Amino acid sequence: VKRRTKIAAIIPTLAVLIVTGIAGAAWLSTASGSLTAPALRAQNSVIATVSAGALYPGASRTALVSVTNPNPFPVVVTGIASGASVAQVIADIGTCSAGSVTSAAVAPVGSAVGVLQSDGTTMTIAASGSANYELTTQMLANSDNACQGLEFTLPLTATLASNA
Amino acid sequence: MTTDVSRVEVPRRARPRRSVGRRTLIVGALLGPLTVVAGTARAAWQAGGAGTVTVPATALPAGAAPAATVSGQDVDLSWAAATMDSAVVSYQIRRYDASTGVQQPIGSACDALTVDLSCREAGVPAGNWTYRVTPVYATWVGAPSPDSATVTTTAAASDLANGDFETGSLSPWTSTPAPSSSGASVENAFNGYQPHGGSYFAVVAPEGQDTYTHLAQPFTATAGQTVSGWAFFDGQDYLPFDDDGAVVIQQDGSDLATVFAASIGTLGNHGKTGWTAWSYTVPSSGTYTVDARVRNRGDGSVPSYLGLDDVTVQ
């Protein structure tokens, strides 16, 4: 009974050490010996434009966006939703209608867990890293005359998952 | 995402405890959390991302001022391409009065949108003109080009001949029906009328009852040119014998416009006019006919007459 008690006491301690060590690869822990893990919350990423080809009626171009990973663990992008421009009113010329410019949604190919980055091979964004992704943008073939020379800011959202 | 490893329990065994059982217990207790941890590592955290992508749109450039050269009443235009990425740009060409800046109708060869870099506007009316080129792509329209240099077109020499009858004959005018005892003739004085200009003028007399006698000549004209002349009606009859005469512009055998008309009914018994000016500006380039006609109505006697002189196309 004594020996069993000692073993029983050792087991949780070893387990805590093992768990803490392994979990530390994905997120930080205080590892003070307590059995309570820290409440770490995943941070949202930021999408920003790297480059974008100029559009004209009916044209389709590739835009490059960066996705930053502010988290201390690696992630993959599991999707980028489609985007659409808002209406712009140009004095003395007219209105460039909403939806004149759109970007297509991006999703993993086949059974891949994430979207391939612009290099065509990498999927994972390192902890506190960033990576570039390609989007296909398009302008309506009958876009308004007032759309000439404008800049279109398309809101985008993405979904990500940890990839420890 | 925490794993409470303290809740990992060592399974109880019904069998008597042995040293091998303890080792099993220890190994199992160690592997248990590893299994839990491994399972946890496969479960991914979900996170979001937000931001924007900024996409520019290009724009059509302004048109390039066209080069214009005149050949008679034809104007040859050419212009530099307006490039917008890989788009195939079309061009709209417009002509303006050089002095007023008012846009003018343009010939069909240059009227439609074209992807070519040149066109020829034929039969441009006499005057001073400028041209502008505007790039067009789909629903987009670029800024018009600056004006071309002013070009001057002059009217072509008229092919209407002997309009003043100063040859002393009707040729190349045609009288229908063919003159017999009366019909059309060239005179230097008639019933008190003198030539409007020069020494001669034409007189058209009716050849029968209730049918017109015609004196006509076709001519070509470009849009905007004007055919003009002088005419009189010498009414000899009285009502109810409503003799009449007219000068009519025809095309393809149909009357386009009556530019002079008179009758006993409108002038009264024995009504006459003096020399009266008439004119007609042709709406489009083509072949037209001046047709002077007179008719003796209601009887075969007491004919009325129509005079014609100084017919020109300018």
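Predicted, not measured: the structure shown is a model, and the values here were computed from it. A, B, ... follow the sequence lines: proteins, then strands. Residue 1 opens every chain.
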Engineer: Given heavy-atom pairs under 4.5 angstrom as the criterion, report whether the side chain, backbone, both or neither of A/L135 touches chain B.
Structural biologist: side chain
Engineer: Enumerate donor-acceptor pairs with a distance under 3.5 Å from any side-chain N or O in residues 46-60 of chain B to protein atoms, sequence neighbours excluded.
Structural biologist:
none

Engineer: Counting only heavy atoms closer than 4.5 Å, note whether A/A63 contacts chain B via side chain, backbone, both or neither.
Structural biologist: side chain
Engineer: So what's closer than 4.5 Å to chain A heavy atoms on B/A87: side chain, backbone, both or neither?
Structural biologist: both
Engineer: Could you have a look at A/S51, A/G79, A/S45, A/A59 and say which one has the most heavy-atom pairs with chain B under 4.5 angstrom?
Structural biologist: A/S45
Engineer: Which atom pairs, donor and acceptor, lie under 3.5 Å between side-chain atoms of residues 66-74 of chain A and protein residues at least two apart or in another chain?
Structural biologist:
{"from": "A/T68", "atom 1": "OG1", "to": "A/V46", "atom 2": "N", "distance (Å)": "3.2"}
{"from": "A/T68", "atom 1": "OG1", "to": "A/V46", "atom 2": "O", "distance (Å)": "3.4"}
{"from": "A/N69", "atom 1": "OD1", "to": "A/N71", "atom 2": "N", "distance (Å)": "3.0"}
{"from": "A/N69", "atom 1": "OD1", "to": "A/N71", "atom 2": "ND2", "distance (Å)": "3.1"}
{"from": "A/N69", "atom 1": "ND2", "to": "A/F73", "atom 2": "O", "distance (Å)": "2.8"}
{"from": "A/N69", "atom 1": "ND2", "to": "A/A126", "atom 2": "O", "distance (Å)": "3.0"}
{"from": "A/N71", "atom 1": "OD1", "to": "A/Q43", "atom 2": "N", "distance (Å)": "2.5"}
{"from": "A/N71", "atom 1": "ND2", "to": "A/Q43", "atom 2": "O", "distance (Å)": "2.9"}

Engineer: Please output the residues of residues 103-131 of chain B in contact with chain A, using a heavy-atom cutoff of under 4.5 Å, in numerical order.
Structural biologist: none
Engineer: Rounded to the nearest 0.5 Å, how far apart are OH of A/Y56 and CH2 of B/W140?
Structural biologist: 10.0 Å
Engineer: Are there residues of residues 142-161 of chain A whose heavy atoms fall under 4.5 Å of chain B's heavy atoms? If so, which?
Structural biologist: A/N142, A/S143, A/D144, A/N145, A/C147, A/Q148, A/G149, A/L150, A/E151, A/F152, A/T153, A/L154, A/P155, A/L156, A/T157, A/A158, A/T159, A/L160, A/A161
Engineer: With only heavy atoms counted, which part of A/A81 is less than 4.5 Å from chain B, the side chain, the backbone, both or neither?
Structural biologist: neither
